[in-house]
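Proteins get letters first, then strands, A, B, ... in listed order; numbering begins at 1 in each.
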Amino acid sequence: MASEDSYSFREVEARWQALWADRNAFAVSEDTSRPKYYVLEMFPYPSGRIHMGHVRNYTLGDVVARFRRAQGYNVLHPMGWDAFGLPAENAAIERGVHPAVWTRKNVADMREQFRPMGLSIDWSREFATCDPEYYKHEQKMFLDFLKAGLAYRKESWVNWDPVDLCVLANEQVVDGKGWRSGAPVERRRLDQWFLRITRYAEDLLQGIEELERWPDKVRLMQTNWIGRSVGAQFRFAIEGREDGIDVFTTRPDTLFGASFCAISANHPLAEDLARTNPSVREFITECGRMGTSEADIESAEKKGFDTGLRVFHPFVEGVTLPVYIANFVLMDYGTGALFGCPAHDQRDMEFARKYGLPVKAVVAPKDQDAQAFAAALEASDEAYTGDGVAINSGFLDGLPVAEAKAAAIDRLRELGAGDGVVQYRLRDWGVSRQRYWGCPIPIVKCDCCGMVPVPEDQLPVELPEDVDFSVHGNPLEHHPTWKHTTCPECGKPALRETDTLDTFFESSWYFARFCSPHASDRAFDRTAVDYWLPVDQYVGGVEHAVLHLLYSRFFTRALRDCGYLGVAEPFDGLFTQGMICHETYEVETNGEEPATEAATTEGAATEGSSKWVYPEDVEQRPDGSLIRRTDGKPVIRGRSIKMSKSKNNTVDPNGILESHGADAARLFMLSDVPPERDMDWSAAGIDGASRYLGRLWRLASHPAFDLGAPGTPVPDTLSPAAEALRRQTHRTMAGVTADLEKFRFNSAVARIRELTNAIASLDPATPDGGVVARFALETAVRLFAPMIPHIAEEVWATLGHDTPLVFSPWPVWDEAYLQEETVQLAVQVNGKMRGTVGVPPGSDQDTALAAALALPTVQAQVGDKPLRKVILVPDRIINVIV
RNA sequence: GCCCCUGUGGCGGAACCGGUAGACGCGGCGGACUCAAAAUCCGCUGCCCUUGCGGGCGUGGGAGUUCAAGUCUCCCCGGGGGCACCA
């Protein structure tokens, strides 16, 4: 085939990318004369290689950016690097490369890997979070938070990752294991810096209501994570002691059914008792050992220790309850103490049965006999947690649960014992990390003055470059000189804080930094953030539903309260994309070559005797069976799962960009599967996308019509076939515009393909075919430009246009052409489809009925039976009931 | 265990507010072009009965509401995700 006949994506894509770059097409600045639109994809960690997840993420964002730009918005679409973090340090330990060098190299490599995608990014705003120019502002923020009481230090139990030798936030512990290392987390007591995210618990919760362009799933996850619960807090007086025990409960209505009080092993009272009682000490130690370890979660056995203390029931004079130290009571939720009502709480029931405590029913369902129900419940091992009315409960008797709760709280208040309170599951965010490659915490520890903030004129506290990774542990701690300094207050020798900040700190404000990335004396220029924020469309993976997205929402509020910016919510719209999956392949190794980690596709190889094979090494034979390219060994096809290095089922994006081009990769990413869902990568899919691009190209380069000159007006009156294509073109504009606004990219692609199919099948003899075909084709590429920008530009230019599409407005449709000339009305008889009939749009019932009854298939059903009823939905359906 | 989402041809998926189920694509089958193949183009492609015309069935299963249900309600089953001693 002659080269001029085939579409040469290599040459075309490079040419248009060069033009966009030369014309600075994507650089933006504040412009109050136009509406702004801020599009942001979650910035990447510079691992060194881009992966298909990136390709999908940035393709989705780029479609939005280009679409909004065409619509006339002033679009900000920046890119940066989430550059601090453990992998850099691990590389340093394993390969002796300095984390900074490793990171810089990866950033440079990945920038080059992204380049061939043709993204509409304003690269002049690029930064990496490991730049001191970036993190110095973060240190200032930390100091401002400290002043505002939003940052504080406390000794606390922490989640310790024994592999990464580092503290983890609660959000970073998954199934009792470190989110990165996968190692069972240990409990340790350490001095830590915290951010008071709990101050905003209610506000963060309320704010979720307003996030209408966020997925419900994410809103729900955040709601659950914050975990608001309404109840009562009150104090039990201890028999023979001056102090009391504060407890929190969501069921104050069941107080008459209380049979014990339980406190956490870390409760001050428990620690107090331990000082004099060795067996208490032993029990506490035992609880500490279990902690959040895997074994503990498995067993989940309730254990208690009877302290011998007794507390007075607040409502019933003379009644006392035993006080237990219990392993299931958490110190950092509520007050670290609770009362147990076995009849109406399953966990309390188990505890009561184990330690022979009384079970007293105090709530019974409305419609049941209270005494019989109570007797059955008290003999059972299943607690009743449903609704009902209070029984055996003194002044509460007969009240429904909700009212009983209120009445109990009122009484507690009268007694001066307690009050109604709201509790949150959300904990403060521990931000100290015992690592090198992070932002240093700008604090000096002085023996005389305590924790002293580093004065602002001494910022940034920069990381030392000469660090030794051969010693286990935190290099900042081991550095010979770095941590030794003088106290800013008293001038005596003092030590720097050697912990660094959690890397989620950097990603909690980077979106704001993009508004004024070069501001040096402050984190952001106020006019810039006021203009650009909030982000109008954020795009990323669901895996950040609670971590990054909750921290960022908190940070934005904290920054607002410290005077940095004026908004509460950082992301007005959020889109969470699905994962990229691929089939897995394995060959049996029979011990001849090293097996890969746990390659066990069900029904296939047994553990340890097979090896995962990369898709690119698998070849399909004509009979459909698979073999390994290198040696012809049979390959077993496994199910499709998320692309991951451990399963070798990854496809390298740059290989695809090289072989098929950016437009083909982008088109495949956008076709077929709705973007929020997981998609399967397949060779057939990318080939299909390439084939379509070829067809589109041929449609323009070898048109079946004389397309005439650009700008030729379409006549008002057209032949029926040409008129139909004109109307379809207008309908496509409206449909695609709506699809892009709603992230229905797969549907937008389908619509434009329909339009190009219609152009291709228009009879070349059609009068006015050329001028309408030009109109349809031009519209198709304009609508396609956000998705497959290079070929769209090329076709547009081929059709004779001088102004590139990046500088062209979005097409506008004419409402008058949205309706077809003749509508196909569906005809039902007794609710069953019997055919369709073409009628003019807006036909009334008489016209439609006459046309419908004329159909032979309808006559066969209706015959001479009398019509009982006729239902007409104009232009859609007519249903004749006989 | 609790909460949420989801189930449509061989496959990915479409179907607006209850109104022609299967758009668009992948795959498959048949044909054209070719010495042949690739590429490309054309046609067919939910299932069952029928030579055809035509008819019946069909959106995980069962009931219900309605002139009309993939769409709404209830129950059941399967798949995915989140939380998991939170008092």
Original post:
With rounding to whole Å, what would you report as the distance between B:G70 and B:C53 at their C1' atoms?
Top reply: 31 Å
Original post:
When you check every protein heavy atom under 4.0 Å of nucleotides 46-57 of chain B, what one-letter string (B, S, -) results, 5' to 3'?
Top reply: ----------SS
**OP:** Would you please say whether a donor-acceptor pair under 3.5 Å links the side chains of A:Glu815 and A:Trp813?
**Re:** yes
Subject >> Rounded distance in Å between the C1' positions of B:U66 and B:G81 >> reply: 35 Å
Original post:
Between A:Trp225 and A:Arg425, is there a cation-pi geometry (under 6.0 Å to ring centre, at most 45° from the normal)?
Top reply: yes
**OP:** Would you mind classifying the nucleic acid contact of A:Val329 as base, sugar-phosphate or nothing, using non-hydrogen atoms under 4.0 angstrom?
**Re:** base
**OP:** Answer syn or anti for B:C29, where the cut-off is 90° from 0 on the glycosidic torsion.
**Re:** anti
Original post:
Regarding A:Thr584 and A:Asn649, is there a side-chain donor-to-acceptor distance under 3.5 Å anywhere?
Top reply: no
**OP:** Take atom CG of A:Asp678 and atom C1' of B:G80, then tell me their distance rounded to the nearest Å.
**Re:** 9 Å
Subject >> A:Asn224 or A:Tyr333, whichever maps to the more 5' nucleotide of RNA chain B >> reply: A:Asn224
**OP:** Would you mind reading off the distance between A:Asp763 atom CG and B:C42 atom P, rounded to a whole angstrom?
**Re:** 13 Å
Original post:
Using atom C1' of each nucleotide, how far apart are B:U6 and B:C17 to the nearest Å?
Top reply: 22 Å
**OP:** Establish, from distance only, whether the side-chain atoms of A:Asp428 and A:Thr198 form a donor-acceptor pair under 3.5 Å.
**Re:** yes
Original post:
Which base, if any, makes a Watson-Crick or G-U wobble pair with B:C2, both distances under 3.5 Å?
Top reply: B:G82
Subject >> Separation of the P atoms in B:A14 and B:G52, to the nearest angstrom >> reply: 34 Å
Original post:
Between A:Arg553 and A:Gln222, do the side chains contain an N or O donor and an N or O acceptor separated by less than 3.5 Å?
Top reply: yes
**OP:** Check the chi torsion on B:G9 and let me know: syn if it falls within 90° of 0, anti if not.
**Re:** syn
**OP:** Between B:U65 and B:U73, how far apart are the C1' atoms? Round to whole Å, please.
**Re:** 7 Å
Original post:
Using the C1' atom in both, what is the distance from B:C57 to B:A21, to the nearest Å?
Top reply: 14 Å
**OP:** Would you confirm whether the ring centroid of A:Phe234 sits within less than 6.0 angstrom of the ring centroid of A:Phe236?
**Re:** yes
Subject >> A:Phe328 ring center near A:Phe351 ring center (under 6.0 Å) >> reply: yes
Subject >> OP1 or OP2 of B:U6 under 4.0 Å from side-chain N/O of A:Arg677 >> reply: no
Subject >> Interatomic distance where CG belongs to A:Asp348 and P belongs to B:A87 [whole Å] >> reply: 11 Å
Original post:
Can you find an N or O donor on one side and an acceptor on the other, under 3.5 Å apart, linking the side chain of A:Arg744 with the base of B:C16?
Top reply: no
Subject >> Pairing nucleotide - B:U40, Watson-Crick or G-U, each distance under 3.5 Å >> reply: B:A32
Subject >> B:A68: pairing nucleotide in any strand, Watson-Crick or G-U under 3.5 angstrom >> reply: none
**OP:** For the pair A:Phe315 and A:His313, name the ring-plane relationship: parallel under 30°, tilted 30 to 60°, perpendicular over 60°.
**Re:** tilted
Original post:
Once you round it to whole Å, what is the distance between C1' of B:G1 and CG of A:Asp345?
Top reply: 13 Å
Original post:
Could you write nucleotides 23-28 of chain B as a row of B, S and -, 5' to 3', where a protein heavy atom under 4.0 Å of any base atom gives B, of only sugar-phosphate atoms gives S, and otherwise -?
Top reply: BSSSS-
**OP:** Would you kindly say whether A:Tyr333 and A:Ser229 are connected by a side-chain donor-acceptor distance under 3.5 Å?
**Re:** yes
Subject >> Gap between atoms NZ and P, on A:Lys217 and B:C3 respectively (whole Å) >> reply: 19 Å
Original post:
Which base sits across from B:U73 as a Watson-Crick or G-U pair, both distances under 3.5 Å?
Top reply: B:A63
Subject >> Nearest-neighbour nucleotide for the A:Pro674 side chain, B:U20, B:A87, B:G13 considered >> reply: B:G13
Original post:
What nucleotide among B:A87, B:G12, B:A84 has an atom nearest to a side-chain atom of A:Arg425?
Top reply: B:A84
Original post:
What is the base-pairing partner of B:C24, counting Watson-Crick and G-U wobble geometry with both distances under 3.5 Å?
Top reply: B:G12
Original post:
To the nearest Å, how far apart are A:Asn327 CG and B:A87 P?
Top reply: 17 Å
**OP:** Nearest whole angstrom, please: distance from the P of B:A15 to the CZ of A:Arg876.
**Re:** 13 Å
Original post:
Are the aromatic ring centres of A:Phe339 and A:Phe260 under 6.0 angstrom apart?
Top reply: no
Subject >> Pairwise P distance for B:C49 and B:A63, with rounding to whole Å >> reply: 25 Å
**OP:** Report yes if the distance between the aromatic ring centroids of A:Phe668 and A:Trp681 is under 6.0 Å, otherwise no.
**Re:** yes
Subject >> Whichever of A:Leu220 and A:Thr335 has its nearest RNA chain B nucleotide further upstream toward 5' >> reply: A:Leu220
Polar pairs (N or O, both sides) under 3.5 Å between protein and nucleotides 67-71 of chain B?
unit_1	atom_1	unit_2	atom_2	d
B:C67	O2'	A:Asn879	ND2	3.2
B:C67	O2	A:Asn879	ND2	2.5

Subject >> Watson-Crick or G-U wobble partner of B:G46, both distances under 3.5 Å >> reply: B:C57
**OP:** Using a 4.0 Å heavy-atom cut-off across all strands, classify A:Val673 as base, sugar-phosphate, or nothing.
**Re:** sugar-phosphate
Original post:
Among the nucleotides B:G19, B:C85, B:G82, which one has an atom lying closest to any side-chain atom of A:Met221?
Top reply: B:G82
**OP:** Starting at atom CG of A:Leu693, determine the distance to atom P of B:A39, rounded to an integer number of angstrom.
**Re:** 16 Å
**OP:** Would you verify whether the NZ or CZ of A:Arg753 falls within 45 degrees of the ring axis of A:Tyr692 while also being under 6.0 Å from that six-membered ring's centre?
**Re:** yes
**OP:** Give the C-alpha distance, both sets of side-chain angles, the deciding distance and a yes or no for salt bridge (charged side-chain N to carboxylate O under 4.0 Å, His left out) between A:Asp739 and A:Arg751.
**Re:** CA-CA 9 Å; A:Asp739 285 341; A:Arg751 257 183 237 277; 2.7 Å; yes
Original post:
Side chains of A:Ser690 and A:Asp687: do they bring a donor and an acceptor to under 3.5 Å?
Top reply: no
**OP:** In whole angstrom, give me the gap between the P atoms of B:G31 and B:G80.
**Re:** 43 Å
Original post:
Heavy atoms under 4.0 Å, any strand shown: does A:Gln346 hit a base, just sugar-phosphate, or nothing?
Top reply: nothing
Original post:
Could you state the interatomic distance from CD (A:Gln346) to CG (A:Asp381), rounded to the nearest 0.5 Å?
Top reply: 8.0 Å
